[in-house]
Amino acid sequence: MFRPKVLASVLQEANESSTGSSDITSCTLLLNREGALLAAAPPPSYAANLSNPAQQPRVIAAIVSTVWALASQNVAALDSDPLQTMILDCAKARIGITSVANGNLLLCIYCDTGSAMGMLRLKLKALRDHLDEPLSQIAATSVA
């Protein structure tokens with residue numbers, strides 16, 4: 001049985017650093033391919049950032065889905081394997097994106113530039129491996 005509260009706590013675990021604190025601001029999102037936000041684990045400082053629309057999870061989800069769609073089209077045009085994971089290093093953030101549930105959903109970790117890219121990639125992979133099977137079952141039943 002799918003429990004949204006458990007999903008939110010699993011997403012929140014990805015926001016914590018290896019020392020157990022959330023010293024690097026991080027936001028973990030689960031969204032569909034169209035950019036609709038399904039679940040989010042914003043950082044503790046989220047309430048203070050409500051005035052900055054660029055850091056709201058719904059805005060991040062919309063941008064991430066558009067970037068993913070464009071990159072997927074470019075990869076498909078090259079006749080290569082489908083896009084699995086993408087790491088973006090931006091001026092004010094690092095963003096890791098991967099597909100889950102047989103490509104039906106996107107998982108995103110958005111964090112400060114102070115975070116290590118390797119750690120971002122490892123967290124993204126671990127979260128994908130943990131959530132892929134349960135989310136695949138849900139996505140398969142909702143499509144059928």
Quick one: does Asn32's side chain have a donor or acceptor within less than 3.5 Å of a partner on Glu34's backbone? yes
Between [atom1] of [X] and [atom2] of [Y], what distance do you get to the nearest 0.5 Å?
X	Y	atom1	atom2	result
Leu83	Gln73	CG	CD	11.5 Å
Leu106	Met86	CG	CE	8.5 Å
Thr98	Ile87	OG1	CD1	8.5 Å
Met117	Leu124	CE	CG	13.0 Å

Heavy atoms, side chains only, cut-off 4.5 Å: are Cys108 and Trp68 in contact? no
Hey, are the side chains of Leu107 and Leu29 touching, using non-hydrogen atoms and a 4.5 Å cut-off? no
Which pair of non-hydrogen atoms, one from [X] and one from [Y], has the smallest distance, and what is that distance?
X	Y	result
Ala61	Gly35	CB-O, 3.7 Å
Leu127	Ala14	CD2-CB, 3.9 Å
Ile95	Cys90	CD1-SG, 4.3 Å
Ser65	Arg33	CB-O, 3.6 Å
Leu37	Pro57	CD2-CB, 3.7 Å
Ser26	Ile109	OG-CG2, 3.7 Å

Show every salt bridge (Lys or Arg N to Asp or Glu O under 4.0 Å) that has at least one partner inside residues 82-110, sequence neighbours left out. Asp89-Arg94
Side chain to side chain contact (heavy atoms under 4.5 Å, CB included) assessment of Ile97 paired with Leu88: CA-CA 8 Å; Ile97 313 163; Leu88 304 171; 4.1 Å; yes
Could you check Val100, Leu131, Asp132 and say which one makes a side-chain contact (heavy atoms from CB on, under 4.5 Å) with Leu105? Val100
Evaluate the side chain to side chain contact (heavy atoms under 4.5 Å, CB included) criterion for residues Leu30 and Leu7: first the C-alpha distance (whole Å), next the side-chain angles of each, then the deciding distance (0.1 Å), finally the verdict. CA-CA 10 Å; Leu30 180 68; Leu7 176 60; 3.8 Å; yes
Hits for salt bridge (Lys or Arg N to Asp or Glu O under 4.0 Å) against Asp79, two or more places apart or cross-chain, chain-then-number order -> none
How about Arg58: does its CZ atom have over 12 heavy atoms from other parts shown lying under 6.0 Å from it? no
Over 12 foreign heavy atoms within 6.0 Å of CZ, Arg128: yes
